[in-house]
Novice: 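I'd like to ask you about the structure that follows.
Naming convention: chains lettered A, B, ... in sequence-line order (proteins, then strands); numbering from 1 in each chain.
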Number of protein chains: 2
Amino acid sequence: MYHDIAKDIIKNILSKKYEDKLPTETALMKSYHASRNTIRKAIDLVFAHGLLRRVQGSGYYIIERPVKSKKVLNMSIGFDQTAMVDGGPLKSKVVVFDKIKANQELAKQGRVDLNSELYRIWRLRYLQGKLYDLEEAYYPTSVVPYLPAESVEHSIFAFIRKEYHLKGSTTENYIQLTKLAKKEANLLKVNEGKSVLSLAGINYLKNGIVFNFSRTYFVYPDLVLYYHTMNIDSD
Amino acid sequence: MYHDIAKDIIKNILSKKYEDKLPTETALMKSYHASRNTIRKAIDLVFAHGLLRRVQGSGYYIIERPVKSKKVLNMSIGFDQTAMVDGGPLKSKVVVFDKIKANQELAKQGRVDLNSELYRIWRLRYLQGKLYDLEEAYYPTSVVPYLPAESVEHSIFAFIRKEYHLKGSTTENYIQLTKLAKKEANLLKVNEGKSVLSLAGINYLKNGIVFNFSRTYFVYPDLVLYYHTMNIDSD
DNA sequence: ATTGATTTGTTCGTATGTATC
DNA sequence: GGATACATACGAACAAATCAA
C-alpha cells in the first residue's frame, strides 16, 4: 500500500501537481486514508528516488533538476523506469533477439551459472530521433521461460511483471568508462576504441534470484547521470 | 540512535564480522537493546548504502563486491565516506587553498549566491601512490567561517562535523564524461581534452543549506562506480 | 525576543500477513 | 504443517526544528 502511495506521489511530482513542496503529512494521511507511519514509509521511498529534500519542522521540498542544456538521467529512480528520460520515452530498435548459453564472461557479469540459457536482447534506443544508447540485455530462461517478439519492442519489464508476476526488488549498478569494441562501435556508428559511459546493471527478484542483467553504452552527447545519497550522522 | 546502530552494522560488515548474512532482527534487537522498529530503521539505512539484499522469510544477505581486478567505488555510501576506497585511504596533496568569490559558474554549480565567499580547496589524491583523482571543493564561508590549513590535509568533513556540529544530510550527485580543460589536465599530467569520468556533488545540511560542493575528476585506470537502487513494485 | 502552533524526526508497542526453512 | 524471519500497518507519545503571531 505504501508502494502505491509512493508511486502516486512520484507521478504527481513528475507531472508537477505540487508547487515546490509536498503537502504535509497530516494532509497526505487524509487524502490517502493511511496512518502517519504508512505515509512516512511512502515518503521514504520517494526520497530514496532522489526527488525530495526533507527539512524537519518545515516540509518536504521537491528537488528541481537544474541543468537545462543537458539531459539528466535519474539513476536513483528504479531500473525499470530509467527509460523515462526527460525528453520523452525512448524508442527502441531491436538488433539482436535470440537465445544463447552463458559463456564465462556473461556468467560472471550476471552472476548466473555457466552454460545456463539466456534470452539475449540488444536494442539501439533513440531519444527524439537521436541515438541515445545501446542496451545489451539478458534474461535467464529459467526465470523467464518465454518472451514474445512483440514485448521486446516495448517494455520488457512491463511484460514480465504482467505475465510472470515477478516483482523486482533491487538493482546493483556499475558505471565505468569503456572503450568500445568493434561490434558495439559498428552498431553505434562511431569509431572503435571511443570512450563512452557504460552502465552494467543486475536485477534481483525479491527472493534474491537474478532475472535480468544488462550493459548499456551511452552515446547521447553531454548526458549527465544523477543520483542521490543520504549520509549517516552520528554523535 | 538507529543511526548509530546502522553505523555499527556497517562497520561490522566492512570488517567482515558477519559471514554472509546479518543476524536476525530478533538477535539484533537483543544485542542493541532496541525495538524491532528501530532495528528495521537501522537496516533500512544499511540497505540504502548498497550493502544488503533482503529476502523475506530468509534474511539479510551481504552483497559481496565482485570485480577483483578493478577498483570499485561505492557511491551509495555517504559522500563523506567516499574517501574510503577499497585499497586503503586516499592520500591527498593540496594544490590550491584560498578564499574566493563565487562567479556565475560556481554559483550555479553550488546553488549559492553570486559573489558569496567560498573556501576553495583543490586536492590531488592518491591511492597506494598512484594518482586517483583531482577534487575541486568549495565551502561557503557563511556556513564554515574558518578552516585551518591542517584540516585540509586530512578529512575536512570530519573537522567540520567536530568543530561546527554540522550534520550533513543528503547529497545530489551528477556523473558525466568530461573533456579536461588545460588547468585540470596539467595538474593531472594528462593531455588536454582527454575524456575522464567526473562527479559533481552538492552537500546539503539538514536544514537545506549547501555547506559544500565539489567536482572530482577520476583518472585512476578502470575505476568502477557502484550504486544500488530499489524498485517500487505495485500491483 | 518569546511563545505557541505546525511539521517532521525518533522510538516504542502491537497485530497480522507472507515467504522461507 | 509448524517454526522462523521479514513485511506491512495502525496507534501513541515525545523530541526537535521551523514558522508565525
Side-chain angles (χ1 to χ4, degrees), chain A residues 1-7 9 18-48 51-62 164-170 204-209 211 230-235, chain B residues 1-7 9 18-48 52-62 165-170 204-209 211 230-235:
Chain A
M1 174 184 185
Y2 71 89
H3 287 108
D4 300 295
I5 297 176
K7 212 171 180 181
I9 293 176
Y18 310 120
E19 302 283 321
D20 56 337
K21 338 173 22 177
L22 293 196
T24 65
E25 292 179 353
T26 351
L28 292 169
M29 284 165 69
K30 280 173 193 159
S31 57
Y32 290 108
H33 303 290
S35 74
R36 182 157 175 238
N37 281 332
T38 304
I39 294 297
R40 284 180 64 82
K41 284 225 69 170
I43 292 175
D44 283 345
L45 264 185
V46 180
F47 176 79
L51 302 174
L52 296 179
R53 223 172 33 236
R54 24 188 4 161
V55 182
Q56 181 178 165
S58 178
Y60 300 106
Y61 295 86
I62 296 166
Y164 295 111
H165 300 289
L166 303 182
K167 295 183 179 180
S169 60
T170 60
Y204 292 87
L205 297 176
K206 285 201 296 188
N207 60 9
I209 293 177
F211 81 97
M230 50 185 150
N231 305 309
I232 297 185
D233 321 310
S234 65
D235 54 56
Chain B
M1 176 184 185
Y2 71 89
H3 288 108
D4 301 292
I5 298 176
K7 213 171 179 182
I9 293 176
Y18 301 125
E19 305 283 323
D20 57 336
K21 2 179 350 190
L22 292 196
T24 64
E25 292 179 353
T26 352
L28 292 169
M29 285 166 69
K30 280 172 193 159
S31 55
Y32 290 107
H33 304 290
S35 75
R36 180 149 179 246
N37 280 334
T38 304
I39 294 296
R40 283 181 65 80
K41 283 225 71 172
I43 292 175
D44 282 346
L45 264 185
V46 181
F47 177 79
L52 296 179
R53 225 171 33 235
R54 23 188 6 159
V55 182
Q56 180 177 165
S58 177
Y60 300 108
Y61 294 87
I62 296 166
H165 299 290
L166 302 181
K167 295 182 178 180
S169 60
T170 60
Y204 293 87
L205 297 175
K206 285 200 296 186
N207 60 9
I209 292 177
F211 79 97
M230 49 184 153
N231 304 308
I232 297 185
D233 322 310
S234 65
D235 53 55

Novice: What closest approach, in Å, do A/Asp44 and A/Arg54 show between heavy atoms, and which atom pair accounts for it?
Specialist: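 That would be OD1-NH1, 3.0 Å.
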Novice: Which pair of heavy atoms, one from B/Val55 and one from A/Gly208, lies closest together, and at what distance?
Specialist: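 That closest heavy-atom pairing would be CG2-N, 4.2 Å.
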Novice: Nucleotide by nucleotide, 5' to 3', does protein get under 4.0 Å of the base (B), only the sugar-phosphate (S), or neither (-) in nucleotides 7-14 of chain C, counting heavy atoms?
Specialist: BBBBSBB-
Novice: May I ask you to test the A/Tyr61-A/Leu51 pair for a side-chain heavy-atom distance under 4.5 Å?
Specialist: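 No, their side chains stay 4.5 Å or more apart.
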Novice: Testing the basics here: between B/Ser58 and B/Lys21, what is the closest heavy-atom pair and its distance to 0.1 Å?
Specialist: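 B/Ser58 and B/Lys21 have their closest heavy atoms at O-NZ, 3.0 Å.
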Novice: Given side chains that start at C-beta, do those of B/Val46 and B/Ile5 come closer than 4.5 Å, heavy atoms only?
Specialist: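 No, too far: nothing below the 4.5 Å cut-off.
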Novice: Does B/Arg53 make a cation-pi contact with B/Tyr60 (under 6.0 Å, within 45 degrees of the axis)?
Specialist: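 Because its charged atom misses either the 6.0 Å distance or the 45° angle limit, B/Arg53 does not stack over B/Tyr60.
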Novice: Using chain A heavy atoms and a threshold of under 4.0 Å, write down where along DNA chain D the contacts begin and end, 5' to 3'.
Specialist: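 Contact boundaries, 5' end first: D/dT8 to D/dC19.
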Novice: So, for B/Thr170 and A/Phe47, which heavy atoms are closest and what is the spacing to 0.1 Å?
Specialist: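 That would be CG2-CZ, 3.2 Å.
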